[in-house]
Number of protein chains: 2
Amino acid sequence: MTMPKERGTRRAGTHVTSVDVAALAGVSQAAVSRAFTPGAPIAAETRRRILDAARKLSYVPNSIASSLTTRRTNMFAVILGNMNNPFYVKLFKILLERLQSQGRQLLTFTVEPGANSDDALMRVLRYQVDGIILTSAQLSTRMTALCHDRGIPIVLLNRYIPGSDVSGVRCDNIGGGRLIAKAFLQAGARHFAVIKGDPRGSTSQDRLRGFAEQILEEGIARRNILELEGQSIYEGARLAVLRAFQGKGQPVPDAVFGINDTMAMGAMDALRGEMGLRVPEDVMVAGFDDIDEGAHWPYRLTTVRQPIEAMIDEALALLQPDAPGRPIEPGIDRTIPGELIWRDTIPRPKHG
Amino acid sequence: MTMPKERGTRRAGTHVTSVDVAALAGVSQAAVSRAFTPGAPIAAETRRRILDAARKLSYVPNSIASSLTTRRTNMFAVILGNMNNPFYVKLFKILLERLQSQGRQLLTFTVEPGANSDDALMRVLRYQVDGIILTSAQLSTRMTALCHDRGIPIVLLNRYIPGSDVSGVRCDNIGGGRLIAKAFLQAGARHFAVIKGDPRGSTSQDRLRGFAEQILEEGIARRNILELEGQSIYEGARLAVLRAFQGKGQPVPDAVFGINDTMAMGAMDALRGEMGLRVPEDVMVAGFDDIDEGAHWPYRLTTVRQPIEAMIDEALALLQPDAPGRPIEPGIDRTIPGELIWRDTIPRPKHG
DNA sequence: TTGAAAGCGCTAACAA
DNA sequence: TTGTTAGCGCTTTCAA
C-alpha cells in the first residue's frame, strides 16, 4: 500500500516530511528538526542548507506531530457564549489578535447562551489545548476538575462562579451598577426598570445588585425597581419593554437600565420607536459594556466601559502561557473597575 | 526523568492514555482504540468493559495523536477579514455552529482588512487542517498551490479571485447592485453616490458595477455617480460622507448606496445626525448584506439580503468534507442571487 | 473478535 | 555541533 518514498526529488508531493528534507540536504532528520527550532544547537551553515532544501520541497513542519512530543500544541480554546452581543464579539476579536500575535492558535467553540459548556470542554480536552478561555459560565465542577487534572488552565472572562476553583477576570460589575444608579439619581430619577440578562449569571446579578444597593441607600423603596427579563439580547429587551409598558401596561419609569448595551439599545428602540417617547426627556436609559454601536448617533448611550484590553491581559496572564508545567493556582478572581461614559441618554449633571 | 507509569491505578493522573485503560480493562491497547472508534470490530461486552475502565480513569482520547495516523484532524480553518463588519461576524457564527454540529473544530485567524492572508495560511498548513475557509481575499497563488499540493481544499466565502483556481461561493453582487439601482431609479433618483469598500476586492467592484450598469442603461451619465471610499467600515463611510458633502462640499445626491450595510448606516448617521437631513425625504440610502442592525428602528435600511445559510452550505460542500482524498476541482465559482429587502430608506413603489 | 507490531512526523536524550 | 535512538499516543495492518 505505502509507496516507497521518493526522497530528495523536487516533486512537492503529497507529504513532504523532515526525512525528505534531510535526505536532500544530506543531514540527519534530527538536524532538520533543529533547523526549525529557534535556539537549537545547529551550525549556521547547516541550517542554511536545510532551509534551502526545505524551500525546494515546500516543506512545512507538522505542528501536530511535534506537539505529540513537546506536550504543547500552542493552541488555546475559547468558548463563546452569546455571539449576538457585540461585546463578546469585540472581546473575541481582541483575544484573537493578541493570541495570534504571540504565535498561538485559537480553537473556537460556541455554546447556546445558558447552555452547559461541558460538551465543548470535552472536545477541547481531546485537542490538547494549552489553555481555555470561557465567556460562558455554566459548567460542571467535574469538568473543571478534569481540566485541572491534566494541567490545562481555565480562565473565565467576564464571568465568575461563586465557590468555584476556576480563576476568572471580570469588570467590577457591582461598582458599575452603582455608577449607573448614581447617574440616574442625580438626574432626578425615582422609578426604575432594569432589564436583566441571564438571571443565573453573575454578571447580570452583580450589576443589578450594585444598582439596587445604591438606590436603596438613597432611601428609595425596592419596589420602585422593576425587573424585566431581556435574555441578554436586543430583541429580548425590546419585547420586554413593549410587554411591560406599551398600551395599558405599567407606567413608564423615569429610568431604564439595560444590563448590557445591546439590551439598552433594544429598550431605546422600543421606547422611542414603538412608544414615541423621547430619551432622555421622557425616559432616561443607560447600558453597560460600551460597545461601539452605543456611541453611534441614533443612541449616544450613557454606559459603563468595560476595560476589555486589561481584562484580556489579565486573563492571558492567569493562563500563564509562560510556565506550562506550573501547578494551577485555584480560584483567583480578578476584578477591574469600569468607567462611566457620559453620553446623551441621561441628562448631564450641572457643571461644578 | 520519565517516571514509571502507574498503570491501572485509579489515580486520574497527569496523562491517562489508552495503555492505562487497556491495563485496567485487561485488554490490549488496540482494543481500547477500537472501543472508541465507531464501527470498529469489537465485541459489545469488551467494549463495555473498556468504556468502564476509561470512565474510572477519566480517560479522554487524544485526537492530536490519532490524527497523526489518520491524516485527518477534523479541524477546519477560517480566516476572517473585517471583523468590524457584523456581516462577517454573522457568517462566522453560522459557520461555527454548522461545523460544530458536525463534530468538527474550527481554528480561527484574522487578517487585517486588505492584508495578505499568506502568513495565516502558512500557520494553518502547519496544523494540518482538513479544509480552509477564507473571507479575506488577498493571497498569493504560491500559497494556494501549496495548499492544493497537500490536498487541503480552500474555499473563498463572499470572495472571488479572477483567474484563480481557488473555488469560491458568493452572492450575485452584480445583480444585487442592479436591484438597488432599480429601486433608486423608480423612486426618482438621478444623482448618486456610492460608498465603496476595499477597491481591490471583487465584492465592492461587482456591486458598484451592477449598480452603475443599471443606471447607465437608464441613460444617465456616469458622472452622476460619485464614488467615495469608506474602507468597508461604519466610521470610514461616515467620514467619507461628511468630507464630501458637509459645509461647502458637493451638493448632496438624491441617493447614497453603501456597498455594505455598516457603511450605509455610517452614511445615514452622517446625513441625519451631523447634516440634519431626512432619509428618505432628502436623501435615499441603501445598503447590502442585510445585517440585523440595519433592520432596527433607527435605520430600517433597504438592502439586499445575502443568502448566508445557502452560501455556507455551498462552501462546506465545496470543501467536500466527505471525500477527503478526492482531488480538488479547480476554480469552481458559485454565485447565489440576493434578495431585495424593502424597508424605509427608499420610498416604496406605488402598489400595483 | 482480538493482540502484536509497525508506523504517523516529530522532539529529546545521549553519545560521538 | 551532529547523528542515533527512543519514544509521544494513537491507528492499522496482519495473524491468530
Side-chain angles (χ1 to χ4, degrees), chain A residues 1-5 7 13-23 25-50 54 57 59-74 125-128 130 150-151 324-325, chain B residues 1-5 7 13-23 25-50 54 57-74 125-128 130 150-151 324:
Chain A
M1 184 77 195
T2 39
M3 303 242 188
K5 252 188 213 120
R7 301 187 164 181
T14 331
H15 296 117
V16 185
T17 74
S18 55
V19 174
D20 302 312
V21 177
V27 295
S28 73
Q29 179 274 327
V32 178
S33 174
R34 292 193 187 104
F36 281 92
T37 308
I42 187 169
E45 160 60 12
T46 316
R47 195 184 135 88
R48 204 195 45 66
R49 259 200 0 260
I50 294 174
L57 301 174
Y59 167 71
V60 178
N62 183 335
S63 297
I64 294 294
S66 74
S67 69
L68 203 54
T69 2
T70 57
R71 315 197 140 291
R72 311 192 82 246
T73 53
N74 239 337
L125 282 181
R126 286 181 177 236
Y127 280 84
Q128 314 291 115
D130 295 342
R150 46 203 80 204
Chain B
M1 185 77 195
T2 40
M3 303 244 188
K5 248 185 220 126
R7 301 186 164 181
T14 331
H15 297 119
V16 186
T17 73
S18 55
V19 174
D20 302 310
V21 178
V27 295
S28 74
Q29 179 273 326
V32 178
S33 174
R34 293 195 185 101
F36 281 92
T37 308
I42 188 170
E45 159 61 10
T46 315
R47 196 184 135 89
R48 203 194 46 66
R49 265 205 349 268
I50 294 174
L57 300 174
S58 359
Y59 167 71
V60 178
N62 183 336
S63 297
I64 293 293
S66 74
S67 69
L68 203 54
T69 3
T70 57
R71 315 197 142 288
R72 312 192 81 245
T73 53
N74 238 338
L125 283 181
R126 286 181 176 235
Y127 279 84
Q128 315 290 117
D130 295 342
R150 48 203 78 205

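So that the names make sense, note that chain A is the first sequence line, chain B the second, and so on, each numbered from 1. Worth saying up front: this structure is predicted, and the values here are computed from it rather than measured.
No side-chain donor-acceptor contact under 3.5 Å links A:Gln128 and A:Thr73.
Between B:Ala25 and B:Arg49, the shortest heavy-atom distance links the atoms O-NH2, 3.2 Å.
Summarising the geometry, the separation between CZ on A:Arg48 and P on D:dT1 is reported as 16 Å, rounded to the nearest angstrom. Remark: P of D:dC8 and CD1 of B:Ile64 are 17 Å apart, rounded to the nearest angstrom. The CG atom of A:Leu68 sits 13 Å away from the C1' atom of D:dT11 (whole-angstrom rounding). If you take CZ of A:Arg47 and P of D:dG3, they are 16 Å apart, rounded to a whole angstrom. For B:Arg126 and C:dC10, the CZ to C1' distance is 12 Å, given to the nearest whole Å. The CZ-P distance, from B:Phe36 to C:dT2, rounds to 15 Å in whole Å. When rounded to the nearest whole Å, the span between NE2 of B:His15 and C1' of D:dC10 equals 15 Å. With rounding to whole Å, A:Ile42 atom CD1 is found 15 Å from C:dA12 atom C1'.
For the pair A:Arg34 (side chain) and A:Ala40 (backbone), a donor-acceptor distance under 3.5 Å is absent. A distance-only check finds a donor-acceptor pair linking the side chain of B:Ser28 to the backbone of B:Ala31 [under 3.5 Å]. Of the possible donor and acceptor atoms, one in the side chain of B:Arg47 sits under 3.5 Å from a partner among the backbone N and O of B:Ala35.
For A:Ala43, taking side-chain heavy atoms from C-beta onward, the closest of the listed nucleotides C:dG3, D:dT2, D:dC8 is D:dT2. Across D:dC8, C:dC8, D:dC10, the shortest atom-to-atom separation from the side chain of B:Thr17 is found for D:dC10. Closest to the side chain of A:Thr70, from the set C:dT11, C:dG9, D:dT11, is C:dT11. Considering only the side chain of A:Thr69, C:dC10 comes nearest among D:dG9, C:dC10, C:dT1. Checking D:dC8, C:dC10, D:dT2 against the side-chain heavy atoms of A:Gln29 singles out C:dC10 as nearest. When distances run from any side-chain atom of A:Thr37 to the nucleotides C:dT1, C:dT11, D:dG9, the shortest one goes to C:dT11.
Across all strands shown, A:Thr46 has heavy atoms under 4.0 Å from sugar-phosphate atoms exclusively, and none from any base. Residue contacts shown for A:Ala30 include a base, since a base heavy atom lies under 4.0 Å away. Contact annotation for A:Ser18: backbone-only contact, meaning every heavy-atom pair under 4.0 Å involves sugar-phosphate atoms and none involves a base. Within the nucleic acid shown, B:Tyr59 comes within 4.0 Å of sugar-phosphate atoms alone, with no base atom in reach, counting heavy atoms only. Looking at heavy-atom distances under 4.0 Å, A:Val27 makes contact with sugar-phosphate atoms alone, never a base.
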Do B:Val27 and B:Val32 pass the side chain to side chain contact (heavy atoms under 4.5 Å, CB included) test, and can you show the C-alpha distance, the side-chain angles, and the key distance before you say yes or no?
CA-CA 8 Å; B:Val27 295; B:Val32 178; 4.2 Å; yes

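Residues B:Pro41 and A:Ser66 each lie close to DNA chain C; by heavy-atom proximity, the contact nearer the 5' end of the strand is made by B:Pro41.
No hydrogens or angles were tested; on distance alone, a donor-acceptor pair under 3.5 Å links the side chain of A:Arg34 to the base of D:dG3.
Within the 4.0 Å cut-off from OP1 or OP2 of D:dT11, not a single side-chain nitrogen or oxygen of B:Arg71 is found.
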